[in-house]
Structures are given as structure tokens and as C-alpha cells.
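Step one of this worksheet: look at the structure below.
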There are 2 protein chains.
Amino acid sequence: MAGGGGDRRSVARKVFAIADAFTGREELSLSEIAGRANLPLSTAHRLVAEWVEWGGLERGDDGNYRVGVRVWRLGVRQPTAMRLRRVAMPYLEDLLESTHEHVHLAIRDGLGATYLERLSGPAAVPAISDIGSRLPLHATGVGLVLLSYAPPEVFEELLASGPRAYQPGTITDERGLRRRMAEIRSTGIATTVEELTPGAFSIAAPVRDATGEVLAAVSIVAHVERLAEPQISLGVRMAARGISSALGYRAHVD
Amino acid sequence: MAGGGGDRRSVARKVFAIADAFTGREELSLSEIAGRANLPLSTAHRLVAEWVEWGGLERGDDGNYRVGVRVWRLGVRQPTAMRLRRVAMPYLEDLLESTHEHVHLAIRDGLGATYLERLSGPAAVPAISDIGSRLPLHATGVGLVLLSYAPPEVFEELLASGPRAYQPGTITDERGLRRRMAEIRSTGIATTVEELTPGAFSIAAPVRDATGEVLAAVSIVAHVERLAEPQISLGVRMAARGISSALGYRAHVD
DNA sequence: TACCTCCTTCCACTGGGCGGAAGGACTCAG
DNA sequence: CTGAGTCCTTCCGCCCAGTGGAAGGAGGTA
């Protein structure tokens, strides 16, 4: 009976698949984990028990599992995230104060933009990004900025993955995206209008480190009403420049 | 040749051992990882490659490995840490403002106290705790509070693990620790004097949730000179009570 | 009681993981 | 340039750890 054979994934991949099952979910039952990770119940049971023993997952009183403190501890010192957030915070706070809109700081993470920080005023636009969430590169301001300065193979991969059109206005074709990326590289700023959320626009700018590499993006998301206000794009630009400069970037240096 | 046999650990444990190798280190080479995780180089190589593929580890330009953004993303939403920090922050800020000393928020994590938050004024005492760091239960204020309210088996495990004496004043024997824990439970406050760091003392108090369970501790660490000032212990008490009450705890309720 | 869902444990088969060793890549000293 | 040293990467055949279907709980509902 049974035994042997099994699926082709390595054990390590199965272990990670369990972690991935928690994407977008705070709490999962064993069978939900097994389902999301595509594992037989007994295999999931054993591996989840190892996660719990290590402390990477915790079991609540209700028997459900959630991400454990060990993972938080391991990740909270992640060098990129830690350094960027610390350096950027004052600039993001200034930007919030001067615009009273959602302010974001994001880095590229594979084919997504991961939000390192979000500050929000009493804005009218519903926010879909939260710290730690991941949104598509081609349909967000920060995403487009990060995509524009990423190595070319990232763009190839994105095309191969079949970018989704979230709204009628979302650009998903190669030609359109290439044109847009060139424009962003030449102007140093990205504007999206109702491409992910109806009624919202975003303005984003790149953050560079001392070597000149773009390692993050800053954006503001606000109601389309305010699209014409020049101080918003100016503010984003200034914040991105301020952070870059705090990271050691000097414009016009070889 | 070779092959077979090998060490008794499951693959999952080896995967986690690699993560643990990064405790207290930001960056490691492959051979350092192999050494710290007690794995043959070839095994470490394969498993580290799987970590990198998943995104839990990242490889820098220098070839060294560091914790990846994926881990940060997974952990940053850890329910306990996220909720506690958000709720506690204003109280911790008040405490910092009124005392100008190191303010800590910590939870128990196995036999250690993990620091969820630390705010620091221009204090004279060198701080050894940073966010995400883990210090011993029996030699810190927050640790003693967490230990005092933890299930009895935690204390048994601590004794079995052979608690280390960091300073001449550190209490490590069962009798002394039991007496101390009883005192903390009856007064609701813990004081340590030069038990981990010479010249420093700490005052800590428990934070409770709506069910009355102690799930965190707040402390102040300052120079022994200020030991006698009553407003410090009062401030810690008030902060802990404020956070507890924000979490839904109502004192003197059945 | 019968039925359901979800969790936990069991066990015999077998292919994925194992790790020593060989081969590169790179640095440094002479 | 040569040789020694360090560290990383790849190779390959052996064998036991991992596998997963199934059976057995636990708990809830009708």
C-alpha cells in the first residue's frame, strides 16, 4: 500500500509551501494548509508539527495555526527592510504631513512590489496595501518604478507570467509597458490613474543607494480629484531624493 | 560513494537549522552556515540554494547570504507582535517622554524574552537589547515577569537548562528564583539590579489581555543612580496597565 | 444513534536526500 | 608563473527517512 513515490518536490520546498500558505491569511487549519500547499494531510501534519516545534508556526487555543514569533524575529532584522525603513521614515512623515494622503515605501520582491512602510492620513481612498503586502509591478506606481529600473530579465518574466488587467486602464501589453518604462526612466517619475483601484491615482519616484542603484520607490496614492496638484508630484520627488541622499547617493557623480 | 546513513535530523530540521544560523549575524558565508548548522558543506549548499530560490535567504554581491525579504514579509504580520506593538506604542512613547530612559516591550519566546519594541532616550546605560533580540528570562526584568506568570513547565525547563549567572548578583538557584517569582506575582512588579549589565537596573510590569493572561511585559532600564526615584516604577506600572486596558483587560473581573 | 468533518497515528515501500570526494574559482605569497 | 590555501560547486551510488493511503480518534450536529 501507499508509501514511496510521492510528489517530486523536495522536502524543503514542501516546508516553504507551508509558509506560503499563510500569504494573505492570518490563521489556517491543518486541512487548509494542506489544501493550499498541495500536500496530503498526513504529510502536512508532520511538517507543520516540525514548524511548530521550531517556533515558526504557533498553534492557537482553537487548534488553528498562525505564523510564529520566531519568524518575526528572524525577519525583523532583515538588513534591507530595516535600513531602508529607518532612513526613510522622517521623509515619509514629512510627505504625509504636507499632503495628508497615503504614503508608501516599497521594494521589488520577485514580480511584486512589497510594501515596507505605509503612512496614512484621513484619506478618502480605500487603501489596499498594508505593510508586508505585495502588489503587482505593472499596475502600481511603485511597481512601475521598480520594474523600470530592474534588470531586463525581470520584465521578460513579468511578460511570461501574463500580467493581469485589474482595471480597463491597466496596461499589460509589451509595447505599452516598454514605452511607459522608457518614459519613467527619462522623467524619473511614474503616474498611474485608476489602474488598480477606481478613483485613485498614484505618483511614484525611485530611491537610489550610494552606488546609484534603484532599490526602492516612494509613492502617494490619492483621489483622482487631486491629480492636477503639482505639489504632490513635487513632494514625492523631494522625498525620494531626500532618502536617496541619506543613503549616500550623490546625483551627477560618475 | 558515501551516501546513505547521514545525520538523524529530518530535512525540515536542517532547513530550520540554517535559519537559526543567522541568529545574531546579519551575513554569513556558506561555510559559516554549514558550520553553525552542523551540516556538511554539500548538504548546506543544496538546502541554502532552496532557501534562496524561495526568497527566504538572499545572496549579496559578495557571495554571502543574508535573511531575505520573504521572511520579513511573512513575519511582519505575525499577529501577536503586530497587535501588541500597535496597541502599546503610545503608552511606550509616553513612558519614554516622562522618564527619558530605555523603554522595552517583550514577550516570552521559549526560554527567552524577545524584545518587540525598544524606545531610547539619550540614556547613559549601554543598551544590549534591540528589537528582535532575545535575552534570558531569569536575568532581565521583563524576563522575570514573563517567567513568573508562565506555565510551571517553563520554569522546570529553565532550571534544567542550567541558567547562567551573568553577573555576581544574578540569581540562578531554584529557591531564590521561586521566592522572587512569588514576590513578583504578589506585587505585580519586578526589579533587577545589575543582574545582566553592571551599572544598570530595570523595573518591569506585566501586560494582560482580555482573558487576564500575561502576554507581555514592559520595562525601563536605567542607571542605578535613579533606582530610588518612585516615578519610574510608577510610570512602568501605569504603562503596563494602560496597555492591558487597551487590550481589553478589566482588573477585578471574574 | 448515525453521520459528518477534521485531526492524529500507523506502517511498508522506495526514490530523494545524503555527503565524501573531486574539480573549479579565486586569492595570495614567493 | 607556480604552488598552496580557501572556499564554493558538482557528481554519484547507496540506503534510510520520508511518504501517503488508510484506519482510528475526537468533537460536533441532527
Side-chain angles (χ1 to χ4, degrees), chain A residues 1-68 79 153, chain B residues 1-22 24-68 79 153 211:
Chain A
M1 37 212 85
D7 89 36
R8 304 275 138 188
R9 283 181 291 179
S10 66
V11 178
R13 288 225 191 130
K14 293 176 192 177
V15 167
F16 297 141
I18 287 174
D20 282 336
F22 284 85
T23 307
R25 295 290 304 271
E26 188 168 293
E27 207 178 297
L28 293 172
S29 71
L30 180 63
S31 34
E32 285 173 313
I33 295 172
R36 287 169 155 246
N38 250 306
L39 291 169
L41 212 62
S42 58
T43 304
H45 183 258
R46 192 163 19 82
L47 293 178
V48 164
E50 302 225 48
W51 269 101
V52 171
E53 198 197 343
W54 179 57
L57 291 180
E58 289 173 356
R59 189 147 205 203
D61 297 333
D62 52 2
N64 283 0
Y65 298 91
R66 59 201 88 200
V67 172
E153 59 266 27
Chain B
M1 4 213 114
D7 89 33
R8 303 278 136 188
R9 283 181 290 179
S10 66
V11 177
R13 287 224 190 130
K14 293 176 191 175
V15 167
F16 298 141
I18 287 174
D20 282 336
F22 284 85
R25 295 290 304 271
E26 189 168 291
E27 206 178 297
L28 292 173
S29 71
L30 180 63
S31 34
E32 285 173 312
I33 295 172
R36 288 168 156 248
N38 250 306
L39 292 169
L41 212 61
S42 58
T43 304
H45 183 260
R46 194 163 17 85
L47 293 179
V48 165
E50 303 225 48
W51 267 101
V52 170
E53 198 197 343
W54 179 57
L57 292 180
E58 289 172 357
R59 189 147 204 204
D61 297 331
D62 53 1
N64 283 359
Y65 298 91
R66 59 202 86 202
V67 172
E153 58 267 28
T211 72

Between the protein and nucleotides 23-27 of chain C, list every N/O to N/O distance that falls short of 3.5 Å.
none

Residues A:R36 and A:T23: closest non-hydrogen pair is NH1-O, 3.6 Å
With B:L47, which of B:V52, B:I33, B:L57, B:I18 fulfils side chain to side chain contact (heavy atoms under 4.5 Å, CB included)? B:I18
Nearest 0.5 Å please: distance from the CD atom of B:E32 over to the CZ atom of B:R25. 4.5 Å
Polar atoms only, N or O, under 3.5 Å: list the protein pairs with nucleotides 4-6 of chain D and their distances.
none

Name every residue in residues 48-59 of chain B that has at least one heavy atom under 4.0 Å from any atom of DNA chain D, in order of residue number, or write none if there are no such residues. B:R59
Under the side-chain contact (heavy atoms from CB on, under 4.5 Å) rule, what do B:R9 and B:L39 come out as? Steps first, then yes or no, please. CA-CA 10 Å; B:R9 283 181 290 179; B:L39 292 169; 3.5 Å; yes
Using heavy atoms and a sub-4.0 Å distance, could you list which residues of residues 37-47 of chain A are near DNA chain D? By number, please. A:P40, A:S42, A:T43, A:R46
Assuming nearest nucleotide by heavy-atom distance, tell me which of A:A12 and A:Y65 is located more 5' along DNA chain C. A:Y65
May I have the distance from B:D62 (atom CG) to D:dC8 (atom C1'), rounded to whole angstrom? 14 Å
Using atom CZ of A:R13 as one end and atom P of C:dG15 as the other, report the distance to the nearest whole Å. 19 Å
In terms of side-chain geometry, is the basic nitrogen of B:E27 or B:R66 positioned less than 4.0 Å from the acidic oxygen of its partner? yes
Over all atoms of both residues, closest heavy-atom pair of A:V15 and B:A12: CG2-CB, 4.0 Å
Taking CD1 from A:I33 and C1' from C:dT8, how many angstroms apart are they, rounded to a whole number? 15 Å
With sequence neighbours excluded, what pairs up with B:D20 under the side-chain hydrogen bond (donor to acceptor under 3.5 Å, both in side chains) test? A:W54, A:R70
Short side-chain N/O contact from B:K14 to OP1 or OP2 of C:dG17, under 4.0 Å: no
Looking at every heavy atom in both A:Y65 and A:F22, which two are closest together, and how far apart are they? O-CE2, 3.3 Å
Taking only the side-chain heavy atoms of B:S10 (C-beta and beyond), determine which of C:dC6, D:dG18, D:dC7 contains the nearest atom. D:dG18
Quick one: pull up NE2 in B:H45 and OG in B:S31 and give me the separation to the nearest 0.5 Å. 11.5 Å
Partners passing side-chain hydrogen bond (donor to acceptor under 3.5 Å, both in side chains) against B:E26 (at least two apart in sequence or in another chain): none
Distance in angstrom units between A:L30 CG and D:dG20 C1', rounded: 14 Å
